[in-house]
Novice: 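Sending over a structure as structure tokens; questions will come in a sec.
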Amino acid sequence: MKNELKKLVDRILPEILSELSPEQPIDPKKIDYDVDLPKVKGHGDLSINLGFQLSRMLKKAPFEIATHCLRIIEKKMKVDADWQKWVKSVTVAKPGFLNFKLVENSAAGFLIDMAKADAAYGKSEFGKGKRVLIEFVSANPTGPLTIAHGRQAALGDTLARILNAVGFKADKEFYLNDAGRQIRLLGESIWARFCELSGKPYAFPEEGYKGTYLIDIARELKEQFGESLLSKKSAEAIDTARQFGVTKILDSIKKDLADMRIVFDNYFSEKSLYERKVVEEVIERLRAKQLVFEAEGAVWFRSTDFGDDKDRVLRKSTGENTYLAPDIAYHSVKFGRGYERLVNLWGPDHHGYVPRLKAACQALGYSKDQIDVLIVQLTTLYRDGVPVRMSTRAGEFVTLRELMDEVGVDATRFFFLMRKVDSHLDFDLELAKKQSDENPVYYLQYAHARISSILAYANRPDEQVDDLMKADLSRIIEPEEINLIKKMSEFPEALVQAATNLEPYRIVDYLRELAASFHKFYALHRVVSDDPSLTQARLLLTHCVRLVLRNGLTVLGVSAPKKM
RNA sequence: GGCCCCGUAGCUCAGUUGGAUAGAGCAUCAGCCUUCUAAGCUGAGGGUCGCGCGUUCGAAUCGCGCCGGGGUCACCA
């Protein structure tokens with residue numbers, strides 16, 4: 001709808017410009033004006049801010065310019081069929097807006113396009129097939145996923161769905177920290193539990209993992225390998241315990257994710273970076289560029305060359321790598337695999353790490369614009385208005401699994417997506433569970449179920465819409481109906497906005513508005529009536545609303561129930 | 001102390017990238033079901049957009065300076 005008006009205005013823009021500034025020609029391409037929905041009711045259907053945009057250039061008051069534009073437009077409207085088809089009247093308002101009232105059912109034609117496109121409605125080629133890699137969760141496989149991982153998981157997965165919907169080729173990747181100290185500790189912890197179960201004395205590692213889930217894993221380990229492990233050398237036994245543990249824990253992580261409707265395209269092993277000597281290679285590449293130096297017995301990366309506030313250690317004086325070294329290698333591999341753009345979702349504790357990584361990517365010859373790091377802020381769970389303490393101590397609410405079990409997958413995903421990524425999220429457990437009007441998830445799902453109920457009442461098989469296409473669109477004239485069509489026509493743009501800003505919550509907001517428009521329509525008008533042609537037109541309308549709701553919910557990974 | 005995020009209605013948050021009279025939901029109060037789902041709709045009250053200065057025709061939005069809350073500043077991962 002906005003696009004249609006923009007096209008019409010663009011067509012007469014040169015004329016406007018030459019008339020306003022006859023001696024100094026202005027390039028129409030340089031004029032950047034917006035078509036918007038007026039904020040104030042009674043100002044028509046759409047408005048443009050052309051007057052303001054031109055006022056600076058022409059050094060004239062916005063109102064004066066807008067009035068001038070109006071005269072030209074009115075002249076055009078008398079002779080141009082396209083203008084007549086869309087625009088009913090134009091007015092100039094106070095500071096300098098041009099407000100357009102559209103022909104009542106000019107928009108109804110969109111319904112046909114939507115119904116035809118069906119599940120594809122909303123999709124676009126905006127991303128031009130550009131390959132994007134979204135890396136998220138990336139938890140150490142040392143324990144169950146937490147609430148924090150859950151928010152990242154919901155966001156990362158939904159971002160991938162959004163990007164793919166608008167024509168990017170986005171893949172989801174889980175970086176598996178299966179090397180290093182934490183994993184070693186995991187092996188030792190399991191081994192300690194194993195010894196405990198077997199009555200063999202073994203000191204529990206100081207910073208080991210004390211979670212009770214490791215006792216279960218140790219028990220399984222014992223069932224599978226038996227006491228024979230005890231006779232092996234302890235390094236070998238710990239190695240077995242470690243491998244066994246990682247596999248078990250990773251399986252349960254994958255299970256949690258699958259239950260949350262998330263399947264990763266790839267799990268990338270940190271260990272493989274060492275096995276394939278990529279870490280060495282990358283350090284050498286940086287060294288060749290004079291960006292690596294030795295000091296105090298350690299190997300450093302000169303990240304200050306790229307705006308970091310200090311240089312960073314790649315290899316400690318002990319000979320061990322820091323986390324940064326394999327991370328640079330990993331990102332080099334990501335680019336090497338053909339991704340033009342990388343999106344990482346990290347926790348707030350990593351934000352200081354961003355300049356380091358961007359510096360590294362620039363050092364390797366990539367632009368810092370090719371990598372986006374989204375810092376996913378913390379989530380606080382509330383029960384009865386009181387924050388739920390989250391610590392690893394027994395009995396306290398920590399895992400994603402527990403959350404999903406308590407409130408369900410739909411509410412879990414929805415609540416995680418509801419807020420902007422970089423703001424703290426208050427997750428009200430009672431609210432998420434409530435099957436009532438207070439719960440925002442149900443507001444959307446209810447609209448979908450309501451429409452399904454109407455279509456069922458009208459005896460309509462879901463797939464069959466051919467006869468609806470023949471509906472008499474001139475019957476659609478009510479403001480609530482026009483409003484619905486207007487909203488629906490914005491869906492493709494909402495997806496593009498969400499994709500370019502990497503902000504899934506925009507889709508949540510969009511769908512809430514659409515559902516609200518529908519509920520308002522429903523309260524005032526009947527769909528199925530004894531007027532066959534009106535009924536048919538409104539069935540087409542509601543069919544389309546359901547389709548957009550469903551497409552939107554699909555992008556969020558939330559189910560669209562036909563009955564509630 | 002440096003850097004990052006936040007500060008908008010009693011609470012939780014939007015504010016379409018600088019536009020018109022700052023909006024939703026919850027909570028409070030008052031209404032609406034003999035007809036397609038009341039998990040819904042309509043209305044009322046509720047605001048110094050943390051404070052100040054600046055840029056602009058125009059600022060919740062941009063800049064600078066304060067105030068307040070949270071996070072982070074390792075040869076940890």
Side-chain angles (χ1 to χ4, degrees), chain A residues 34 36-41 43 47 49 51-53 55-56 60-63 93-97 99 140 142 177 180-183 185 207 270 295-300 309-310 312-324 326-327 347-355 375 377-378 382 385 418-426 428 431 434-447 449-458 490 493-494 497 500-501 505-506 508-510 512-513 515-516 518-529 535 538-539 542 563-564:
Chain A
D34 297 314
D36 266 310
L37 304 177
K39 270 192 185 151
V40 187
K41 274 181 191 165
H43 273 315
S47 81
N49 60 352
F52 300 99
Q53 300 307 331
S55 79
R56 200 156 306 169
K60 276 185 189 163
F63 190 84
K94 261 192 309 184
F97 289 99
N99 292 323
N140 287 337
T142 53
N177 296 116
R181 204 173 95 91
Q182 298 308 317
I183 288 299
L185 276 173
E207 287 170 275
E270 180 189 356
E296 300 162 53
V299 180
W300 298 69
D309 30 322
K310 47 173 130 163
R312 306 292 174 176
V313 172
L314 292 170
R315 184 166 298 153
K316 306 181 212 173
S317 48
T318 59
E320 260 183 306
N321 284 313
T322 61
Y323 192 70
L324 181 61
D327 232 15
D349 50 332
H350 285 69
H351 95 260
Y353 196 80
V354 177
I375 298 298
Q377 282 294 343
L378 297 171
Y382 281 83
M418 209 161 53
R419 301 283 175 243
K420 271 192 288 207
V421 173
D422 53 13
S423 44
H424 287 256
L425 173 67
D426 288 330
D428 185 332
L431 182 60
K434 232 177 233 181
Q435 307 227 336
S436 81
D437 51 344
E438 294 156 54
N439 191 332
V441 194
Y442 290 98
Y443 189 75
L444 301 185
Q445 294 185 320
Y446 185 59
R450 233 179 184 181
I451 296 172
S452 299
S453 171
I454 295 169
L455 296 177
Y457 177 81
E490 286 168 28
E493 194 191 319
Q497 286 290 331
T500 48
N501 296 298
Y505 84 91
R506 284 175 189 259
V508 175
D509 273 7
Y510 170 81
R512 270 206 265 212
E513 284 167 20
F518 174 74
H519 288 311
K520 275 173 197 164
F521 159 79
Y522 177 87
L524 285 171
H525 308 288
R526 268 191 76 82
V527 174
V528 181
S529 66
T535 300
R538 287 189 173 163
L539 282 171
T542 47
K563 271 190 191 144
M564 285 174 76

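Letters go in sequence order (proteins before strands), and every chain restarts at 1.
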Novice: Can you see which heavy atom on A:Gln182 is nearest to which on A:Thr142, and at what distance?
Specialist: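 Nearest heavy atoms, A:Gln182 then A:Thr142: O-CG2, 3.9 Å.
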
Novice: Considering every strand and a 4.0 Å limit on heavy-atom distances, what is the contact class for A:Glu296: base, sugar-phosphate, or nothing?
Specialist: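 Base contact - A:Glu296 has a heavy atom under 4.0 Å of at least one base atom.
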
Novice: Among B:C36, B:C13, B:C75, which nucleotide has an atom closest to any side-chain atom of A:Val313?
Specialist: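 Among the listed nucleotides, the one closest to the side chain of A:Val313 is B:C75.
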
Novice: Within the structure shown, what part of the strands sits under 4.0 Å from A:Ser529 by heavy-atom distance: base, sugar-phosphate, or nothing?
Specialist: nothing

Novice: If the P atom of B:C32 is compared with that of B:G70, how far apart are they to the nearest Å?
Specialist: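 These two P atoms come out 48 Å apart once rounded.
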
Novice: Does A:Thr500 reach the main-chain N or O of A:Gln497 with its side chain, forming a donor-acceptor pair under 3.5 Å?
Specialist: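 Yes, A:Thr500 side chain to A:Gln497 backbone: donor-acceptor pair under 3.5 Å.
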
Novice: With sugar-phosphate meaning primed atoms plus P, OP1 and OP2, does A:Asn140 contact a base, only sugar-phosphate, or nothing at under 4.0 Å between heavy atoms?
Specialist: sugar-phosphate

Novice: So if I take every side-chain heavy atom of A:Lys316 and compare against B:A20, B:C75, B:A38, which nucleotide ends up nearest?
Specialist: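 For A:Lys316, the side-chain atoms sit closest to B:C75.
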
Novice: Between B:C57 and B:A14, how many Å separate the two P atoms, rounded to a whole number?
Specialist: 32 Å

Novice: Report yes if the side chains of A:Tyr443 and A:His519 come closer than 4.5 Å at any heavy-atom pair, otherwise no.
Specialist: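 A:Tyr443 vs A:His519: side chains touch.
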
Novice: Can you tell me whether the base of B:C64 sits syn or anti, using the 90° cut around 0 to define syn?
Specialist: anti

Novice: For a quick check, tell me whether the side chain of A:Asn99 and the base of B:A20 share a donor-acceptor pair closer than 3.5 Å.
Specialist: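 Indeed there is one.
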
Novice: Take atom P in B:C29 and the same atom in B:G71, then report the distance between them in whole Å.
Specialist: 37 Å

Novice: Taking the side chain as every heavy atom from C-beta outward, state whether A:Ser453 and A:Lys563 have any pair of such atoms under 4.5 Å apart.
Specialist: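 A side-chain contact under 4.5 Å is absent here.
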
Novice: Nearest whole Å is fine: how far is B:C76 P from A:Glu320 CD?
Specialist: 8 Å

Novice: If you take atom types as modelled and just measure distance, does the side chain of A:Thr322 reach the base of B:A74 with a donor-acceptor pair under 3.5 Å?
Specialist: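 Not at all, since no donor on one side and acceptor on the other fall under 3.5 Å apart.
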
Novice: A:Leu539 CG to B:C36 C1': how many Å, rounded?
Specialist: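 Whole-Å distance recorded here is 10 Å.
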
Novice: For A:Arg526 and for A:Asp426, find the nucleotide of RNA chain B with the closest heavy atom, then tell me which residue's nucleotide is more 5'.
Specialist: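 First, find each residue's nearest nucleotide; the 5'-ward one identifies A:Asp426.
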
Novice: At 4.0 Å (heavy atoms only), tell me whether A:Asp327 reaches a base, stays on the sugar-phosphate, or touches nothing.
Specialist: nothing

Novice: The side chain of A:His43 lies closest to which of these nucleotides: B:C36, B:C4, B:A20?
Specialist: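 It is B:A20.
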
Novice: Rounded to the nearest 0.5 Å, what separation is found between the CG atom of A:Asp349 and the CG atom of A:Leu378?
Specialist: 8.0 Å

Novice: Between A:Ile375 and A:Pro348, what is the shortest heavy-atom contact and its length?
Specialist: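 Shortest heavy-atom contact: CG2-CA, 3.5 Å.
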
Novice: Toward the 5' end of RNA chain B, which comes first, A:Gly352 or A:Asn49, by nearest nucleotide?
Specialist: A:Asn49

Novice: Could you work out the separation of B:G15 and B:G50 based on their P atoms and round it to a whole Å?
Specialist: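 Nearest-Å result for B:G15 against B:G50 at atom P: 15 Å.
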
Novice: Whole angstrom is fine here: how far is it from OH in A:Tyr323 over to C1' in B:C76?
Specialist: 11 Å

Novice: Separation of A:Arg506 atom CZ from B:A14 atom P, in whole Å?
Specialist: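 So the two atoms are 11 Å apart, to the nearest Å.
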
Novice: Is the closest basic N to carboxylate O distance between A:Arg512 and A:Asp509 below 4.0 Å?
Specialist: yes

Novice: Expressed in whole Å, how much space separates the C1' atoms belonging to B:C66 and B:G25?
Specialist: 34 Å

Novice: Quick check, does A:Phe97 stack with B:A20? I mean ring centres under 5.5 Å and planes off by under 30°.
Specialist: yes

Novice: Tell me what A:Tyr505 touches on the nucleic acid: a base, only sugar-phosphate, or nothing, going by heavy atoms under 4.0 Å.
Specialist: sugar-phosphate

Novice: Kindly point out which of B:U37, B:C36, B:A77 is positioned nearest to the side chain of A:His350?
Specialist: B:A77

Novice: Quick one: A:Met418 CE to B:C26 P, roughly how many Å, whole number?
Specialist: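 It works out to 13 Å between those atoms.
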
Novice: Tell me the closest heavy-atom pair linking A:Ser47 and A:Asn99, and the distance in Å.
Specialist: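 It is CB-OD1, 2.9 Å.
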
Novice: Round to a whole Å and report the spacing from CZ of A:Arg419 to P of B:U12.
Specialist: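 Rounded to whole Å, this separation is 10 Å.
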
Novice: May I ask you to decide if A:Ala295's main-chain N or O and A:Trp300's side chain share a donor-acceptor pair within less than 3.5 Å?
Specialist: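 Checking the backbone N and O of A:Ala295 against the side chain of A:Trp300, a donor-acceptor pair under 3.5 Å is found.
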
Novice: Taking the same atom, C1', in B:A60 and in B:G18, what whole-Å distance lies between them?
Specialist: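 Roughly 11 Å separates the two C1' atoms.
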
Novice: Specify the closest pair of heavy atoms between A:Pro440 and A:Met418, including all atoms of both residues, with the distance to one decimal.
Specialist: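 The pair with the smallest heavy-atom distance is CG-SD, 3.9 Å.
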
Novice: Select one nucleotide: of B:A38, B:A77, B:U35, the one nearest the side-chain heavy atoms of A:Tyr446.
Specialist: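 Looking only at side-chain atoms, A:Tyr446 lies closest to B:A38.
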
Novice: So does A:Phe52 get a backbone contact from the side chain of A:Asn49, meaning a donor-acceptor N/O pair under 3.5 Å?
Specialist: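 The answer is no, because no donor-acceptor pair under 3.5 Å joins these two groups.
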
Novice: With C1' as the reference atom in both, quote the distance from B:G69 to B:G23 in angstrom, rounded to an integer.
Specialist: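 Going atom to atom, C1' in each nucleotide, I get 25 Å.
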
Novice: Find out whether A:Tyr457 and A:Val527 are in side-chain contact, i.e. whether some heavy atom of one side chain is under 4.5 Å from a heavy atom of the other.
Specialist: no

Novice: As a test of your reading of the structure, name each stem of RNA chain B as range with range, where a stem is three or more consecutive Watson-Crick or G-U pairs at under 3.5 Å.
Specialist: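 When the pairs of RNA chain B are grouped into runs of at least three, the stems are B:1-7 with B:67-73, B:10-13 with B:23-26, B:28-32 with B:40-44, B:50-54 with B:62-66.
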
Novice: In chain order, what residues pass the salt bridge (Lys or Arg N to Asp or Glu O under 4.0 Å) check against A:Arg315, with sequence neighbours excluded?
Specialist: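 Applying salt bridge (Lys or Arg N to Asp or Glu O under 4.0 Å) to A:Arg315 gives A:Glu280.
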
Novice: Please report the distance separating the C1' of B:C67 from the corresponding atom of B:U48, rounded so that it comes out in whole Å.
Specialist: 16 Å

Novice: Taking it one step at a time, do A:Ile454 and A:Val528 satisfy side-chain contact (heavy atoms from CB on, under 4.5 Å)?
Specialist: CA-CA 8 Å; A:Ile454 295 169; A:Val528 181; 4.3 Å; yes

Novice: Under 3.5 Å, which protein N or O atoms sit close to an N or O of nucleotides 41-43 of chain B? Give each pair with its distance.
Specialist:
residue, atom, partner, partner atom, Å
B:C41, OP1, A:Tyr443, OH, 2.6

Novice: Check nucleotides 44-47 of chain B for protein N or O atoms closer than 3.5 Å to its own N or O atoms and list the pairs.
Specialist:
none

Novice: Among residues at least two apart in sequence or on other chains, which ones pass salt bridge (Lys or Arg N to Asp or Glu O under 4.0 Å) with A:Arg450?
Specialist: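 Here no residue qualifies.
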
Novice: For A:Thr322, run the side-chain contact (heavy atoms from CB on, under 4.5 Å) check against A:Val299, A:Asp327, A:Val313 and tell me which one passes.
Specialist: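 It is A:Val313, the one option of A:Val299, A:Asp327, A:Val313 that forms the side-chain contact (heavy atoms from CB on, under 4.5 Å) with A:Thr322.
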
Novice: Mind calculating the distance between CZ (A:Arg512) and C1' (B:C13) to the nearest angstrom?
Specialist: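 A:Arg512 atom CZ is separated from B:C13 atom C1' by 8 Å.
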
Novice: Rounded to the nearest angstrom, tell me the gap between atom CG in A:Asp309 and atom C1' in B:G1.
Specialist: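 Value for this atom pair: 13 Å.
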
Novice: So, do A:Thr542 and A:Phe521 sit near enough that their side-chain heavy atoms are less than 4.5 Å apart?
Specialist: yes

Novice: Does the protein touch nucleotides 6-11 of chain B at the base, only the backbone, or not at all? Give it as B, S and - per nucleotide, heavy atoms under 4.0 Å.
Specialist: ------

